[in-house]
**Student:** 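Quick one: this structure, given as structure tokens, is what I'll be asking you about.
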Amino acid sequence: RKPMPIEIRVIGSAEPYATVAIRSQITGQLISVNFREGDEVQRGQVLFELDRRPLEAALQQAQANLDRDMAQATNAAVQSKRLQELVDRGIAPREQADTSRTAVTALNATVDADRAAVENAKVQLQYATITAPIAGRTGTLMVHEGNLVRGNDAAPLVTINQVSPVSVAFAIPEARLPELNRYMAQGALHVTATPPNDDVPSVGRITFVDNAVDQNTGTIKIKGTFPNTDRRLWPGQFVNVVVT
């Protein structure tokens, strides 16, 4: 007699730890693609650059409108102050002072709207440079330099999958759930995943247990996270999973 490990052997599938479909938020001509499809990219790396000239012109126009309206608001405030002094001295009617103050308030509101337009133009200009939101491996490049890119198009420019770490999803029978929960309460449970025709398993740990049993199959979904620094596991690949 000796202690024997309890093993649950199932078939699972590898999934990217995170996946992002890169889309443009503005419409413009694509002038630069700074990677090759299949490359490993880092978070914050510049992937695409769109034509900035129309956006820079729009920003300059918005800034000019702001400067013009600020000058008018300043002049209106000075005139309103002078008119109020005349009213206090009994030279000018009070209605003119009220009208002048209303004009100042309206111009100040216009200045606030112009500031918002400038900030919006700056944001639009930032959208001309598309960076990678996560580190990962790029897939098929859907557009090339010179193409017209439309804002929020249905088809992404490229998809990035994070493969290190990587997730492996599998399901276990609901009858094994109590013992799984019992051992998980004692500490992290290790799980191995072995690709087909491979004898070296990758080792990870269980990081997710679904919040409900699938009544159609009588199983519950589990996920394990693997460092996958050697890239032995690939998203979409079926693997042999062993939970000990």
Side-chain angles (χ1 to χ4, degrees), residues 16-85 87 95-163:
Y17 188 77
T19 182
V20 176
I22 305 298
R23 291 181 173 87
S24 174
Q25 300 190 65
I26 60 173
T27 299
Q29 185 180 13
L30 184 61
I31 61 173
S32 176
V33 179
N34 301 323
F35 69 98
R36 292 183 298 179
E37 54 186 3
D39 278 356
E40 295 277 349
V41 297
Q42 302 301 316
R43 181 175 182 177
Q45 179 179 335
V46 177
L47 303 179
F48 303 96
E49 290 181 286
L50 304 181
D51 189 1
R52 301 169 59 92
R53 292 173 298 176
L55 303 172
E56 290 173 344
L59 175 59
Q60 292 174 1
Q61 182 179 7
Q63 185 64 51
N65 291 338
L66 174 61
D67 295 341
R68 178 198 62 198
D69 292 335
M70 286 182 63
Q72 292 180 354
T74 302
N75 182 59
V78 173
Q79 292 182 356
S80 178
K81 182 178 179 180
R82 291 173 180 173
L83 192 57
Q84 184 62 46
E85 293 175 353
V87 170
E95 290 79 3
Q96 290 185 4
D98 295 339
T99 302
S100 179
R101 283 194 298 269
T102 302
V104 172
T105 302
L107 285 171
N108 287 335
T110 302
V111 169
D112 291 338
D114 291 340
R115 287 197 179 99
V118 169
E119 291 301 319
N120 180 67
K122 290 180 180 178
V123 171
Q124 296 297 314
L125 184 58
Q126 292 176 355
Y127 288 156
T129 302
I130 302 175
T131 60
I134 62 172
R137 190 179 183 94
T138 58
T140 303
L141 182 62
M142 305 304 296
V143 294
H144 299 276
E145 295 180 11
N147 282 285
L148 179 65
V149 176
R150 300 190 180 277
N152 297 314
D153 199 358
L157 305 179
V158 71
T159 300
I160 300 176
N161 286 337
Q162 187 174 358
V163 296

**Student:** Nearest 0.5 Å, what's the CG-CD1 distance between Leu47 and Ile160?
**Tutor:**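 Atom-to-atom, Leu47:CG and Ile160:CD1 are 5.0 Å apart.
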**Student:** For the residue pair Phe35 and Leu141, establish whether any side-chain heavy-atom pair is separated by less than 4.5 Å.
**Tutor:**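 Answer yes - side chains close enough.
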**Student:** Looking at every non-hydrogen atom in both residues, tell me the closest pair between Asn108 and Ala73 and how far apart they are.
**Tutor:**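 Scanning both residues, the minimum pair turns out to be OD1-CB, 3.7 Å.
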**Student:** What verdict does the side-chain contact (heavy atoms from CB on, under 4.5 Å) test give for Val158 and Phe48, after you've listed the backbone C-alpha separation in whole Å, the side-chain angles of each residue and the deciding distance to 0.1 Å?
**Tutor:** CA-CA 10 Å; Val158 71; Phe48 303 96; 3.9 Å; yes
**Student:** Taking the side chain as every heavy atom from C-beta outward, state whether Tyr17 and Val163 have any pair of such atoms under 4.5 Å apart.
**Tutor:**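 The answer is no; the side chains never approach within 4.5 Å.
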**Student:** Kindly indicate whether the side chain of Thr110, heavy atoms from C-beta on, has any atom under 4.5 Å from the side chain of Asp114.
**Tutor:**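 Of all side-chain heavy-atom pairs linking Asp114 with Thr110, at least one is under 4.5 Å.
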**Student:** How about Thr19 and Asn161: does a side-chain donor come under 3.5 Å of a side-chain acceptor?
**Tutor:**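 There is such a pair (donor and acceptor under 3.5 Å, judged by atom type) between the side chains of Thr19 and Asn161.
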**Student:** Rounded to the nearest 0.5 Å, what separation is found between the CD atom of Gln79 and the OG1 atom of Thr74?
**Tutor:**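 One finds 11.5 Å between CD of Gln79 and OG1 of Thr74.
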**Student:** So how far is it from Glu37 CD to Thr138 OG1, rounded to the nearest 0.5 Å?
**Tutor:**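 Output value for this atom pair is 7.5 Å.
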**Student:** Would the distance check show the side chain of Asp39 and the main-chain N or O of Val41 forming a donor-acceptor pair, the cut-off being under 3.5 Å?
**Tutor:**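 Such a contact is absent between Asp39 side chain and Val41 backbone.
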**Student:** Looking at Arg150, I'd like to know if its CZ atom is crowded, meaning that more than 12 non-hydrogen atoms belonging to other residues, nucleotides or ligands lie closer than 6.0 Å.
**Tutor:**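 Check fails, neighbour count at 12 or below.
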**Student:** I want to check something: taking the side chain as every heavy atom from C-beta on, are Asn147 and Gln29 in contact at a cut-off of under 4.5 Å?
**Tutor:**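 The answer is no, as the side chains (C-beta and beyond) never meet within the 4.5 Å cut-off.
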**Student:** Rounded to the nearest 0.5 Å, what separation is found between the OG1 atom of Thr131 and the CD atom of Glu49?
**Tutor:**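 Interatomic distance, Thr131 OG1 to Glu49 CD, rounded to 0.5 Å: 11.0 Å.
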**Student:** Starting from the C-alpha separation in whole Å, work towards a yes-or-no answer on side-chain contact (heavy atoms from CB on, under 4.5 Å) for Asp153 and Arg23.
**Tutor:** CA-CA 7 Å; Asp153 199 358; Arg23 291 181 173 87; 5.9 Å; no
**Student:** To the nearest 0.5 Å, what is the distance between CG on Asn65 and CD on Gln60?
**Tutor:**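 It comes to 12.0 Å.
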**Student:** How long is the straight-line distance from CD1 of Ile26 back to CD of Gln126, given to the nearest 0.5 Å?
**Tutor:**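 One finds 11.0 Å between CD of Gln126 and CD1 of Ile26.
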**Student:** Give a yes-or-no answer on whether the side chains of Asp67 and Gln63 include a donor-acceptor pair shorter than 3.5 Å.
**Tutor:**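 There is such a pair between these side chains.
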**Student:** Can you find a heavy atom in the side chain of Ile130 that is under 4.5 Å from one in the side chain of Ile22?
**Tutor:**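 Ile130 reaches Ile22 side chain to side chain.
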